[in-house]
Amino acid sequence: MENSFDPHDIEQPLYTKWEQAGHFAPTGNGVPYCIMIPPPNVTGSLHMGHAFQHTLMDTLIRHARMKGRRTLWQMGTDHAGIATQMLVERKLAAEGIDKHAIGREAFVERVWEWKRESGGQISQQLRRMGSSLDWSRDRFTMDEGFSRAVREVFVRLHEDGLIYRGQRLVNWDPQLQSAISDLEVESEEESGHLWHLRYALVGGARTTGGKDHLVVATTRPETMLGDTAVAVHPDDARYRDLIGQSVQLPLTDRQIPIIADTYVDPAFGTGCLKITPAHDFNDNEIGTRHGLPLVNVFTPDAHLNDNAPAAYRGLDRFAARKRIVADLTSLGLVEKIQDHKLMVPRGDRSGAVIEPYLTDQWYVAMDELAAPAIEAVRNGDIEFVPKQYENLYFAWMRDIRDWCISRQQWWGHRIPAWYDDTGQVYVGRDEAEIRAKHGLSKTVVLTQDPDVLETWFSSALWTFGTLGWPDETPELELYHPTDVLVTGHDIIFFWVARMIMMTLRFVGEVPFRKVYIHGLVKDSEGQKMSKSRGNGLDPLDLIDGIDLPSLIAKRTDDLMQPQMAARITKATQRDFGSGIPSFGTDALRFTYCALASTGRDVRFDMKRIEGYRNFCNKLWNATKFVLMNTESVELGGPRELSLVDRWIESRARRMIVDAERATATFRFDLLASVLYDFVWHEYCDWYLELTKPVLWDEGASVAAQTGTRTQLLRILEIALRAAHPVIPYITEALWHRVAPLTGAAGETIMIQPYPEADDLAADADAEAAVEWLKTIVIGVRNIRGEMNIKPGQAIPLLLQGGTSDDARWLEASRSLLGRLAKIERIDWLDADASAPPAAMQLAGELKLFVPLAGLIDVAAERSRLDKEIARKVTDLERIEQKLGNQSFVAKAPEDVVAKERARAGEARAAVAMLRQQLTDLENI
RNA sequence: AGGCGCGUAGCUCAGUUGGUUAGAGCACCACCUUGACAUGGUGGGGGUCGGAGGUUCGAAUCCUCUCGCGCCUACCA
C-alpha cells in the first residue's frame with residue numbers, strides 16, 4: 001500500500017462499479033425507506049449547499065440500506081421556471097437573439113436544449129459526491145408523467161372550487177412582466193424621500209387651522225396620478241369637518257373625495273393619507289371598503305399609461321417621479337421633502353422594484369388546504385427537526401394568503417385552461433376533454449391560456465408525482481409517505497408547506513414523516529456564498545483541487561457586476577494564496593457531517609477539511625499497519641483474546657451504539673465525532689500501540705498473537721462499515737483488503753449489514769483495566785515531558801502503595817507499560833520503604849516514582865510538584881466547602897454526597913503525599 | 001414592530017434529563033524523522049461559558065431583565 005491515501009485512484013472507478021452493479025436501486029424485501037431529493041434547479045451546476053445536503057441524505061440512505069431497508073433515494077431535477085427562463089434569455093442575448101424574435105416555440109426548444117446540458121452536468125456532480133441515487137428512476141418536473149400529475153391537480157382543485165381566476169392587485173415584476181407570489185418578493189430597507197404635497201380643498205373649504213389645502217405625505221409621488229381619495233382618521237379633530245368634501249388632485253382635472261378610515265394614523269405626518277387603490281395593497285383595501293374607483297396609471301413595464309395626463313404618458317416610473325416632483329415644485333405644491341428610510345420590495349430573481357398591479361391571475365384558495373396541513377404537524381404526523389421550525393411553519397400557515405400561481409412566462413407548465421371567442425374559460429385535462437364535456441362544436445375556436453404555472457406548484461407534487469401518481473402504482477404504495485425530507489430553512493414556505501398541503505389533499509397522507517432542516521453553507525466569515533460576492537466554492541474544486549489563477553477566473557467570469565472583479569481577485573488571493581489542494585470526496589463529506597450541528601448555519605472552514613483529509617489518511621495507514629501484520633500470516637489456529645483485545649471490542653460496541661443514536665437523531669456532527677474519536681483516539685492511538693508488544697514479542701504465544709491479529713482485523717472491518725455511510729469511497733477500498741481476512745468478503749461494503757452493537761461483547765473489566773493502564777502511561781509520559789527526559793531514554797519505574805486492583809492490573813499489563821512508556825524495569829517498593837530521590841506521580845492511591853539519578857532536575861521536579869499541589873489544594877478546598885454546607889449534605893442526593901466525600905478523601909491523601917514528596921526532595 | 005436562533009479557549013464548534021477539575025479540532029509552545037501514518041507522535045499552555053439579577057444544596061444548562069450579532073415575518077403612507 002502507498003504511504004498516504006490518494007482519493008483519485010479509487011473514487012470514480014468505485015462509483016462506476018456500484019452504479020453498473022445496480023446497487024443504488026432498492027432491493028430486497030425489507031421495510032421501505034425513502035428520501036426524495038429536493039430536485040436541483042436545472043439552472044447550472046451544484047453549489048456547496050447542494051453538496052452539503054446531498055452528503056447528509058446519502059449518509060442516511062447508505063445507513064438505511066446497510067440496515068436492510070428497501071431503500072430508495074429518488075433522483076430528479078426541477079425546471080425552475082423563471083430562473084431557467086432568465087438564464088436562457090441571457091444566453092440568447094449574448095448571441096444577439098431576442099426571445100420575441102424567435103417566438104415561443106423556438107425559445108422553449110432552446111430551454112430544453114439547455115436543460116439536457118445542465119441536467120447532465122448536475123448528475124455528473126452528484127456522482128462525484130458519491131450520492132447513491134437511483135438513477136434509473138430519474139424524473140424531471142416537466143417530464144410527461146409529471147406534467148400529467150400537474151394538470152390533474154389543477155383540474156381537480158378547479159373542480160373543487162379551490163382554484164379560481166381573479167382580478168386583483170398582484171406583485172408585478174415590470175422587468176419580467178409577470179406576476180410573482182408574495183414569497184418571491186424580498187423587501188430591503190433603502191434610502192428614499194418623503195414628499196409632502198399640497199392638495200387644494202375644493203369649494204372654499206378650510207381646515208381647522210385655516211388652511212385651504214391638505215398636505216399628504218408619500219414616498220411614491222408618481223402614483224398620485226392614480227389617487228382616488230384622501231383619507232383621514234374619523235376622530236381627527238383637525239379634519240373631521242372636511243370629511244365628505246373634496247380636494248383637487250394636482251396635475252389632473254380630477255377632484256377626489258376626503259374620506260374617513262380608521263386605518264389612518266393621525267400621528268404620522270399630517271394625518272392625511274392619499275389613497276391609490278390601483279397601486280398599493282393597503283390603499284386597495286381602503287378603496288374596496290369605500291367603493292373607490294381604481295385608476296391604473298401604469299403599463300405592464302411600469303411606464304405611465306393613457307390614464308395619466310398627456311404630459312406624463314410613456315414616461316418610465318422613475319422618470320415620471322422626477323417630472324412630477326419638478327412640476328409640483330414649480331406650482332408651489334411641495335411643502336417639504338424629508339429623507340426617509342423605506343422598505344423597497346424587489347423581485348427575488350430580477351431585482352426589479354415590484355409594483356402592486358392590477359391583473360387577471362389564477363389563484364389557489366389556501367384556507368381549506370392549510371387546515372389539515374397545520375393539523376398534521378400539530379398532531380405529530382410530521383415532525384420537524386429541529387423542532388422550533390414548527391413554530392415558523394405554524395405562523396406562516398395560520399396567516400396564509402391565497403396563492404397566485406400564474407406566471408406570464410414561456411417556460412413551465414402551461415395552464416390547462418382554454419378560452420373561446422367570448423372570453424368564456426374552460427378548465428380541463430386537454431382540449432378534447434373540454435369539448436366533450438361542454439359539448440363544444442368544432443367551429444368553436446379554443447385558445448389555451450398563454451400563462452404557465454409557477455415552479456413551486458409542480459414542486460409541491462414531488463413526493464407523489466415521482467412515484468407515478470395519479471396512477472395507483474406499486475411504488476406509491478411502497479415508498480409513500482417517504483421517511484424524511486432533508487432541506488434548508490429557506491424553502492420551508494416555498495416548498496415544504498406546499499408539499500404538505502398538496503400531498504394531504506391528493507394522496508390523503510403526509511408526504512414525509514420527518515423534515516430535517518439543515519443550515520445554510522456560508523463562507524469562513526459567515527457570509528452567504530454567491531456568485532455576485534465571488535466567495536463561492538465549487539465542491540468539485542475541493543475534491544479535485546484547483547490552482548489560484550483558475551479559481552480567480554472562475555469567480556470573476558461572467559459577473560453581473562464586472563466592477564467587483566478586482567475586489568474578488570484580491571480576496572481570493574488572500575484566502576487561497578496557493579489555490580486549493582485536492583482533498584477528495586470522503587474528506588469533503590466528513591467535513592459536511594462534522595459541521596452539521598442542529599439549527600446552525602455552516603461556516604465552511606478550509607482547516608476543517610484539511611483535518612478530515614488527515615483523518616482519512618489515518619484510517620488508510622491504520623489499515624496498512626493491520627494488513628502488514630495479518631496478511632501472509634496463518635490466522636486459522638486457536639486464538640486467545642487479551643484484556644486489550646476485549647477492551648477495544650467493548651469500546652467498539654459503544655461506538656456503534658453512539659453512531660446509531662447520532663444517525664437516528666440526525667446529529668451528523670456527533671456521528672462524525674464518534675467515528676473520528678474511535679478510529680483515531682482509541683483504535684490508532686491506543687489499540688494499535690498496545691498490539692505492537694504482542695505482535696513483536698517472540699515469546700508471545702501463537703494463540704495470543706492470533707487473537708490480537710484477528711481482533712485487529714475484526715474491529716477495523718466493523719469500523720469501516722460503521723463509517724461507510726459518511727466516507728463511502730475509502731471504506732469500500734479498504735474493506736476489500738480487510739474483509740477477506742475476516743472471512744466476511746462480499747461484492748461491496750455498501751450492501752453489507754451495518755454493524756450491530758449486540759455482536760460485540762461489553763467488557764467492563766477490560767475497560768477498567770485499560771483505563772488504568774492509560775492513566776499509568778500518561779502519568780509516566782507527563783514526568784518525561786515535563787522533566788525533558790529524552791524520548792529515547794529508557795527509565796526505571798518504582799511503584800508504591802495502591803490497591804489490590806493496582807497490583808492485579810500491573811501484572812496484567814507489565815510488558816505493555818514497558819513498551820508504551822519506554823520503561824526499562826518496574827519494581828515495587830514496600831509500603832514503609834522510603835523512595836530514592838525521584839519524580840512522583842499519583843494514580844489514585846498508587847505512587848509512581850521515576851528515580852532522579854542522572855535524569856532529573858530537582859528544581860524542575862519541585863516546581864512540577866508545586867503546580868500539582870496547588871491544583872489539588874484548590875480542588876480540595878472547593879469540595880470541603882461543599883461538604884461544609886449543611887444544606888448540601890441534607891438536600892443533595894446521597895450518592896452525590898458520597899461521591900463528594902470520596903473525592904475529598906482522595907484529594908486530601910493526594911495533597912499529603914505530594915507534600916511529603918516535596919519535603920523529601922528538599923532534604924536531598 | 002413581532003417571532004426565532006446564536007453569543008463557551010486565539011478561530012470553528014460540542015456540551016443529553018441541572019451534579020467530579022467545562023470538552024474537541026485547528027492554531028500556539030516544547031520535545032521527537034521509533035519499524036502504519038510528519039496528512040505523524042508525546043507533553044504543555046489557554047476559557048470566572050456576553051452582562052446583571054433570580055430559583056436551587058448545586059447553574060454553561062432553568063427563569064427574568066439586558067447588551068451584541070444573524071435570520072424570518074409584517075409594516076406608517
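Letters A, B, ... are given to chains in the order of the sequence lines, protein chains preceding strands, and every chain is numbered from 1.
Comparing B:G70 with B:U12, their P atoms are spaced 15 Å from each other, to the whole Å. Taking atom P on both nucleotides, B:G18 is separated from B:C31 by 47 Å, rounded to a whole Å. Taking atom P on both B:G15 and B:U8, the two are 14 Å apart, rounded to the nearest angstrom. Rounded to whole Å, the P atom of B:G10 lies 14 Å from the corresponding atom of B:G51. For the P atom pair drawn from B:U66 and B:C28, the interatomic distance equals 42 Å after rounding to whole Å. Distance check on atom P: B:C32 versus B:C69 gives 48 Å, rounded to whole Å. Rounded to the nearest Å, the gap between the P atom of B:A24 and that of B:G44 is 11 Å. With C1' as the reference atom, B:A77 and B:C65 are 35 Å apart, rounded to whole Å.
Atom pair A:Y612:OH and B:C26:P shows a separation of 9 Å (rounding to whole Å applied). Protein atom CG of A:N788 is 17 Å distant from nucleotide atom P of B:U42, rounded to whole Å. Rounded to whole Å, atom C1' of B:A74 lies 11 Å from atom CG of A:N282. Straight-line distance from the NZ atom of A:K872 to the P atom of B:U21: 11 Å, rounded to whole Å. As rounded to whole Å, 13 Å separates atom C1' of B:C76 from atom NE2 of A:H233. At whole-Å resolution of the value, CD1 in A:I492 and P in B:C71 are 16 Å apart. Between A:Y676 atom OH and B:G25 atom P there is a gap of 6 Å when expressed in whole angstrom units. For A:H681 and B:G43, the NE2 to P distance is 11 Å, given to the nearest whole Å.
Listed candidates were B:U21, B:G44, B:A77. Nearest to the side chain of A:T219 is B:A77. Distances from the side chain of A:T218 to the nucleotides B:G44, B:U21, B:A77 place B:A77 closest. For A:V896, whose side chain is taken as the heavy atoms from C-beta onward, the closest listed nucleotide among B:G45, B:G19, B:C76 is B:G19.
Under the 30°/60° scheme for interplanar angles, the aromatic rings of A:F493 and A:W396 are found to lie parallel. Ring orientation note: the planes of A:Y516 and A:F668 are nearly perpendicular, at an angle over 60° on the 30°/60° scale.
Shown are A:W680, A:F583, A:Y592, A:F590; of these, the ring-ring contact (aromatic ring centres under 6.0 Å, His included) with A:Y612 is made only by A:F590. No option in A:V216, A:I324, A:T218 other than A:I324 meets the side chain to side chain contact (heavy atoms under 4.5 Å, CB included) test with A:M224. For the side chain to side chain contact (heavy atoms under 4.5 Å, CB included) test with A:R901, the passing option among A:L883, A:V896, A:I879 is A:L883; the others fail.
No engagement by A:R661 is indicated, since no non-hydrogen atom pair under 4.0 Å with the nucleic acid exists. The residue A:H340 sits close only to the backbone: its heavy atoms come under 4.0 Å of sugar-phosphate atoms, none of a base. Using a 4.0 Å heavy-atom cutoff across all strands shown, A:H196 reaches no nucleic acid atom at all. Using a 4.0 Å heavy-atom distance criterion, A:R871 is classed as a sugar-phosphate-only contact. Within the 4.0 angstrom heavy-atom criterion, only backbone atoms of the sugar-phosphate kind lie near A:R781; the bases stay farther away. Within 4.0 Å (heavy atoms only), A:L273 reaches at least one base atom of the nucleic acid.
Across all strands shown, B:U42 is found opposite B:A30 as a Watson-Crick or G-U wobble partner, with both distances under 3.5 Å. Within the shown strands, nothing qualifies as a pairing partner of B:U21 under the Watson-Crick or G-U definition with both distances less than 3.5 Å. Of the nucleotides present, B:C4 is the one that pairs with B:G70 by Watson-Crick or G-U wobble criteria, both distances under 3.5 Å. Base pairing of B:C37: no nucleotide in any strand meets the Watson-Crick or G-U wobble criterion (both distances under 3.5 Å).
In the model, A:K624 has a side-chain atom that pairs as donor or acceptor with a side-chain atom of A:N3 under 3.5 Å. Counted by atom type alone, A:N782 and A:Q841 present one or more donor-acceptor pairs between their side chains at under 3.5 Å. Side-chain contact annotation: A:K872 with A:T874, donor-acceptor N/O pair under 3.5 Å absent.
Between the side chain of A:W620 and the backbone N or O of A:E2 there is at least one donor-acceptor pair closer than 3.5 Å. At least one donor-acceptor pair under 3.5 Å links the side chain of A:Y683 to the backbone N or O of A:L712. Judged purely by atom type and a 3.5 angstrom limit, A:H233 uses its side chain to pair as donor or acceptor with the backbone of A:D235.
With values rounded to the nearest 0.5 angstrom, A:S181 atom OG is found 5.0 Å from A:R498 atom CZ.
Remark: A:R401 is in phosphate contact with B:A74, judged by side-chain N or O atoms under 4.0 Å from OP1 or OP2. The phosphate of B:C32 has neither OP1 nor OP2 within less than 4.0 Å of any side-chain N or O from A:R784.
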Give the B/S/- string for nucleotides 4-15 of chain B, one per nucleotide from 5' to 3', where a protein heavy atom under 4.0 Å of the base yields B, of only the sugar-phosphate yields S, and otherwise -. -SSS----BSSS
Once each nucleotide of nucleotides 33-38 of chain B is scored for protein heavy atoms under 4.0 Å, what B/S/- sequence comes out, 5' to 3'? --BBB-
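Within a 6.0 Å radius of CD in A:E894, no more than 12 heavy atoms belonging to other residues, nucleotides or ligands are found.
Mapped onto RNA chain B by nearest heavy atom, A:K274 and A:D182 fall at different nucleotides, with A:D182 at the one closer to the 5' end. RNA chain B is contacted by both A:N614 and A:G785; A:N614 maps to the nucleotide lying nearer its 5′ end (nearest heavy atom per residue).
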Polar atom pairs (N or O), protein with nucleotides 55-58 of chain B, under 3.5 Å:
unit_1	atom_1	unit_2	atom_2	d
B:C57	OP1	A:K891	NZ	2.3
B:C57	O4'	A:S887	O	3.3
B:C57	O2'	A:N885	ND2	3.1

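Contact check on A:E186 versus A:R346 returns no salt bridge, with no Lys/Arg side-chain nitrogen under 4.0 Å from an Asp/Glu carboxylate oxygen. A salt bridge between A:D669 and A:R667 is present, with a side-chain N of the basic residue lying under 4.0 Å from a carboxylate O of the acidic one.
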